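No experiment lies behind these values; they were computed from the predicted model shown. Quick note: numbers below take in every heavy atom, side chains included, and nothing from hydrogens, waters or symmetry partners.
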Number of protein chains: 2
Amino acid sequence: MHEFLWWAFRSKQMEEKSCMVDAGKRRDEQGVSQLQRAGKCLPPFLSKTYELVDRSGAEHVVSWNEEGTAFVVWLPEDLSQFLLPKYFKHCNFSSFIRQLNTYGFRKSASDRWEFRHEKFQKGKAHLLGEITRRKCEPSIYPSHLKAREKGTVIEDSHLLEENKILQRENSELLLQIARYKALQSELMNSLPQFMASNKKARLLS
Amino acid sequence: MHEFLWWAFRSKQMEEKSCMVDAGKRRDEQGVSQLQRAGKCLPPFLSKTYELVDRSGAEHVVSWNEEGTAFVVWLPEDLSQFLLPKYFKHCNFSSFIRQLNTYGFRKSASDRWEFRHEKFQKGKAHLLGEITRRKCEPSIYPSHLKAREKGTVIEDSHLLEENKILQRENSELLLQIARYKALQSELMNSLPQFMASNKKARLLS
DNA sequence: GGGAATATTCCC
DNA sequence: GGGAATATTCCC
């Protein structure tokens with residue numbers, strides 16, 4: 001469905017140079033890209049979402065809340081259909097929410113689509129850089145390992161697979177430890193040096 | 001740029017119901033989706049790429065090679081601009097190639113854009129299901145595990161034992177890391193304090 | 001809400 | 001070619 005939309009547009013776009021295209025281009029350049037350029041390497045999702053909320057030109061669809069501490073999607077349908085595709089490669093409200101969650105936004109009201117993130121506030125675009133995307137942390141106990149504990153029989157291949165995963169995790173952990181050790185010894189080495197130079201300074205004074 | 005295209009189209013699409021749209025929809029339904037429906041849960045990339053090669057209707061842009069054992073992109077520019085966006089959410093030749101590589105396709109000629117995969121051949125769409133997407137394999141494959149796989153049969157109990165050991169090792173390593181982290185932050189916290197007291201000592205002396 | 005697979009981009 | 005980050009989809 002969405003592929004079709006994208007395709008249909010492209011077909012159309014290629015056989016006619018409409019003025020809409022230029023209008024669109026201008027909008028894009030002074031809109032989304034502006035923040036992007038200013039904000040070093042802000043993830044596109046953040047700059048685009050800020051744009052979307054701050055100047056979609058459709059406050060009846062999405063806007064800041066009264067305090068400017070969160071934003072509210074008043075008309076999810078319209079957001080999906082008209083606004084999302086302006087900024088993203090889809091028109092699904094659920095995909096938008098998935099991204100919000102990935103970046104740590106929370107639904108902050110039960111009776112409306114209000115989303116909040118400490119670093120996402122009206123007039124404070126400079127805070128956006130402090131929003132971090134959640135990584136998929138290496139889980140210590142993968143879900144499929146848990147299953148085994150319930151007592152069912154697992155074949156060799158499964159165990160072998162688990163073994164591999166554990167080995168990988170092990171290597172990764174060892175690497176982390178090595179890094180910590182290096183950092184540690186660096187610190188410990190520089191400390192006496194630092195103290196010595198300090199002592200010297202005192203003696204000289 | 002691409003976001004803009006997508007957006008511009010959507011804006012346009014919403015204010016006019018062109019017959020192109022319906023044509024596009026029909027094409028999409030009998031094209032891409034057909035294979036998809038037939039082939040259980042074939043990754044979209046494979047069904048779409050097969051479609052693209054097999055019936056893009058632009059053989060001067062992309063087609064099977066003579067034997068039907070590979071496909072050739074004759075006009076990368078045109079593929080990117082006109083065909084890719086029909087099937088995917090982008091118009092980048094490089095993104096297309098990235099996906100081909102992910103699925104194990106190889107460039108099979110040095111003088112033209114010919115790509116090949118054993119299970120991707122003219123008239124053999126039923127083989128597509130055997131193409132697997134490459135996962136990010138662990139680069140370090142423990143040698144002792146390798147040896148055992150090819151060699152003698154090992155019982156569950158062995159693997160289970162090893163698993164337990166690895167799990168224990170893992171926990172131990174995690175604990176070590178936690179200790180390092182604590183020590184680290186302790187050091188980092190006490191450093192400025194230490195400096196301050198040193199300065200004070202100097203002032204008093 | 002979020003895990004995980006797939007897709008797209010960016011970069012070496 | 002492919003690693004890795006981000007985006008989109010699918011599913012629990």
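Inter-residue side-chain proximity for A:L83 and A:D78 is flagged as unmet; no heavy-atom pair is nearer than 4.5 Å. Side chains of A:L128 and A:F120 form a contact here, defined as non-hydrogen atoms less than 4.5 Å apart. Considering only heavy atoms from C-beta on, B:R116 comes within 4.5 Å of B:N65 through its side chain. The shortest distance between side-chain heavy atoms of B:V73 and B:F93 falls below 4.5 Å.
Residues that satisfy the ring-ring contact (aromatic ring centres under 6.0 Å, His included) test with B:F115, not counting sequence neighbours, are B:F71. Considering only residues two or more places apart in sequence or on other chains, A:E66 meets the side chain to side chain contact (heavy atoms under 4.5 Å, CB included) condition with none of them. Partners of B:D54 according to the side chain to side chain donor-acceptor pair (under 3.5 Å) rule, which considers only residues two or more places apart in sequence or in another chain, are B:W64. Residues meeting the side chain to side chain contact (heavy atoms under 4.5 Å, CB included) test with A:R133, sequence neighbours left out: A:Q99, A:T102, A:Y103.
Atom-to-atom, CD1 of B:I131 to C1' of C:dA7 comes out at 17 Å; the value is rounded to the nearest Å. Rounded to an integer number of Å, the gap from CZ of A:F45 to P of C:dA7 is 21 Å. Between A:R133 atom CZ and C:dA4 atom C1' the separation is 13 Å, expressed in whole Å. Protein atom NZ of B:K107 is 8 Å distant from nucleotide atom P of D:dG1, rounded to whole Å. Summarising the geometry, the separation between NE2 on B:H90 and P on C:dT8 is reported as 4 Å, rounded to the nearest angstrom. Counting to the nearest Å, the P atom of C:dA7 and the CZ atom of B:F105 are 12 Å from each other.
Among the protein residues, A:R106 comes within range of the sugar-phosphate backbone only, with heavy atoms under 4.0 Å from sugar or phosphate atoms but none that close to a base.
Side-chain N/O atoms of B:K48 include none lying less than 4.0 angstrom from OP1 or OP2 on C:dA7. Contact between the side-chain N/O atoms of B:K89 and the OP1/OP2 oxygens of D:dT9 is found at a separation under 4.0 Å. Look at B:N92 and you won't find any side-chain N or O under 4.0 angstrom from OP1 or OP2 of C:dT8.
Each end of the helix from C:dG1-D:dC12 to C:dC12-D:dG1 gets its own axis, taken as the rotation carrying the C1' atoms of four end pairs onto the next four within a five-pair window, and the two axes meet at 0° to the nearest 10 degrees.
Checked against D:dG2, C:dA7, D:dT6, the side chain of A:P44 finds its nearest nucleotide in D:dT6.
The neighbour count for A:K122 NZ, taken as heavy atoms of other residues, nucleotides or ligands under 6.0 Å away, does not exceed 12.
Contacts between residues 93-104 of chain B and DNA chain C, counted as heavy-atom distances below 4.0 Å, involve B:S95, B:R98, B:Q99, B:Y103.
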